[in-house]
Amino acid sequence: QKVSVEVLDHLEHLALVDFRDWEGVERLQKAIQFADQLHEVNTDGVEPMDSVLEDRWCLYLREDDVTEGNCTKELLENAREKVEEYFVAPPGNIPLPKLEERETFLQGS
Amino acid sequence: AALKAVLRSQVSAALKEGRVTPTELCQRCLALIKSTKFLNAYITVAEDTALKQAEESEERYKRGQPLGILDGIPVAVKDNFNTAGIETTCASNMLKGYISPYNATVVQKLLDHGAVLLGKTNLDEFAMGSGSTDGVFGPVRNPWSYSKQYKEKSVPKSHSEDEESNWVITGGSSGGSAAAVSSFTCFAALGSDTGGSTRNPAAHCGVVGLKPTYGLISRHGLIPLVNSMDVPGILTRCVDDAAVLLGSLAGHDPKDSTTIQDDFKPFELPNLTDVSKLSIGIPKEYHALGLSSEILALWSKAADLFKNAGAKVVEVSLPHTCYSIVCYHVLCTAEVASNMARFDGLEYGHRSDMKDSTESMYAATRREGFNDVVRGRILSGNYFLLKQNYEKYFVKAQKVRRLIANDFVKVFRSGVDVLLTPTTLSDAAPYTEFIQEDNRTRSAQDDILTQAANMAGLPAISVPTALSERGLPVGLQFIGRSFQEKQLLTVAKWFEKQVQFPVIQLEEVKRHESGVFQHQKSASFS
């Protein structure tokens, strides 16, 4: 069962990573095929396991006290675009172009 | 011989007695790194800071106040650990030029113990891979490719074929660290282990690779791949050294809430002489498809070794082993999809010039920054996490994970102390052969013997066992009970003593020998 173009497009939007070409899509197809083997296993009555430490420890919350910080300068060092103490991003709220509107190999399939 | 000796008892003693100084040691290692540059084991060599650290160590020795046995000992760290002031790239374009503003907890601990940080080692991009071939700085070459032992056994097909085309991979993804330790440029190195990434290259490079129990060593500062499986790994030339490193690194870290709260007491390994009370389990499912007959024979021989020494050796079953790779595949890609979301170009790392919108900038940045392997895993992970797939794949895999972990619980509950398995399916492949298959296929094949220990969070160690017919190292793996590293390492140390794995004979290292030390057989600093 092949993955539909809609889903491929949806994945590119979610992941903000592109398949680049049909080879990339093939890779996904193979990955899904591989993962399908999981359905051979009988997991009736089995609880999903989040962490191997589930018995040993409960994820704890610490006190809401500030223990470190004041490192604005260091943290800004690695950002390429900044203004004063802000990271600068291009305008938001502009969705990526829809499939029909952009140049992608996924078109015409 | 100074570097080859590398016995903690020798080097540490020598440092203490002033027979060698930390700066001399550091300089020799740096020189050796330069002359073994062709291995491509290091991405960054922190020469200036290392020498400074060595000088500070020397001062402490002069005052008779060394910080401990690690004081002055040169170490290397895989390039997916944050190191303050030093570039941390994860062998990816995404982080080229990224200078960490902080030290990972394990790095800080090493420095607090006086270790000298020589540099950052090469890996597969973002630790995804089993060959250390898929990073932007190129592949790492296995030092054994240049060993007398390998050269003697390789028959050149023609006059023109030379070392250049014959070299073998280190395995991965911590190949740089393994190569660094194997070629004597450092005494210990940090790797990471999510599916076998420390044990696999350890086996291929003839060094000890320890994967500690999940939750024992802090992951703070280790750029995450799979939060529920990642652990920092330890690579050394002998088991005693691994115990020393473990002692300095383990313990609760308030900055990593997945570290257990129990007190950790560093330990020295006893010299086990009586193994009659030991029960060794041989999981039959680890006789995997593709396991070389050579390694099968060595595994069998090792089991006999224990039997003849009086230990109880039993065949056991871990029935869900065959599903561990598939299970890992789903859980890993899902967690990766989440973990890689932080790379958007805004706060650090590569940023695309695209300015049209936030989303298009993110997309372009990630397009430019990640290689095919990384992008492939992100996309697969996102697929498995889609609403319509979540139960079918992700939750299903989590259930299978419990079954795999339970397999181990049952076996250990039945009285088995330690499991003995092969680490890899074969000895190291030539690079030209390795790259014929794609990364995912390779990882799926190569991880089969190491992966389940990560699923179950158990400690595991690969110990160099013997040379293959091609003259390359083969390691065997011991898997222990949760948090029972002392028992695991004690057994590993006994085994190490029995097999007497040969020292690598490298031209480059010979040239750097001086008459300071007597030639020694073992190669540790402990």
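Numbered from 1 within each chain, the chains take letters A, B, ... in sequence-line order.
In terms of heavy-atom pairs under 4.5 angstrom with chain B, the leader among A/E74, A/R62, A/Q37 is A/Q37. When each of A/N93, A/I94, A/L38, A/L28 is scored by its heavy-atom pairs under 4.5 Å with chain B, the top score falls to A/L38. Counting heavy-atom pairs closer than 4.5 Å to chain A, the top residue among B/R401, B/Q388, B/R375 is B/R375. Listed options A/L14, A/N42, A/T43 were ranked by heavy-atom pairs under 4.5 angstrom with chain B; first place goes to A/T43. Note: B/S380 leads B/S100, B/S380, B/A405, B/G381 in heavy-atom pairs under 4.5 Å with chain A. Chain B forms the most heavy-atom pairs under 4.5 Å with one residue out of A/R20, A/E77, A/E68, and that residue is A/R20. Chain A forms more heavy-atom pairs under 4.5 Å with one residue of B/L379, B/L346, B/I325 than with any other, namely B/L379. The candidate from B/M455, B/E347, B/K355, B/M354 with the greatest count of non-hydrogen atom pairs under 4.5 Å with chain A is B/E347. Ranking A/C71, A/P91, A/P90 against chain B, the residue ahead of the rest is A/P90, based on heavy-atom pairs under 4.5 Å.
Proximity of a side-chain donor or acceptor of B/R402 to a complementary backbone N or O of A/V46 within less than 3.5 Å is not detected. Judged purely by atom type and a 3.5 angstrom limit, A/Q29 uses its side chain to pair as donor or acceptor with the backbone of A/V3. Between the B/R351 side chain and the A/R80 main chain, no donor and acceptor come within less than 3.5 Å of each other. The backbone N or O of B/Q484 sits nowhere less than 3.5 Å from a side-chain atom of B/T213 that would complete a donor-acceptor pair.
At a 4.5 Å heavy-atom cutoff, the contact between A/D50 and chain B is made by backbone and side-chain atoms alike. At a 4.5 Å heavy-atom cutoff, A/E23 makes no contact with chain B through either its backbone or its side chain. Of the two parts of A/K30, the backbone and the side chain both hold a non-hydrogen atom closer than 4.5 Å to a non-hydrogen atom of chain B. Contacts of B/Y102 with chain A are absent, with no heavy-atom separation under 4.5 Å from either backbone or side chain. A/E47 touches chain B through backbone and side chain together, each having a heavy atom under 4.5 Å away. Neither the backbone nor the side chain of B/L331 has a heavy atom closer than 4.5 Å to any heavy atom of chain A. With a 4.5 angstrom heavy-atom cutoff, B/V400 touches chain A via backbone and side-chain atoms both. Contact annotation for A/V7: only side-chain heavy atoms (C-beta onward) come within less than 4.5 Å of a heavy atom of chain B. Heavy-atom distances place the side chain of B/D262, and not its backbone, under 4.5 Å from chain A. When heavy atoms are compared at a cutoff of 4.5 Å, B/F394 does not approach chain A at all.
Side chains of A/R56 and B/S482: a donor-acceptor N/O pair is absent below 3.5 angstrom, by distance only. For the 3.5 Å distance criterion, the side chains of B/E368 and B/S352 qualify, holding a donor opposite an acceptor. Side chain to side chain, B/Y98 and B/N82 meet the donor-acceptor criterion of an N or O pair below 3.5 Å.
Ion pairing of B/K211 with B/E485 is absent here, as no side-chain N (NZ or NE/NH1/NH2) approaches a carboxylate O to less than 4.0 Å. At a threshold of 4.0 Å, the pair A/D9-A/K98 does not count as salt-bridged, since none of the basic side-chain nitrogens sits closer than that to a carboxylate oxygen. Taking the charged nitrogens against the carboxylate oxygens, B/K396 and A/D36 have no contact shorter than 4.0 Å, which rules out a salt bridge.
Ring geometry for B/Y323 versus B/H320: interplanar angle of 30 to 60°, hence tilted.
Applying the ring pair (Phe, Tyr, Trp, His ring centres under 6.0 Å) rule to pairs touching residues 26-56 of chain A yields A/F34-B/H329, A/H39-B/Y393, sequence neighbours excluded.
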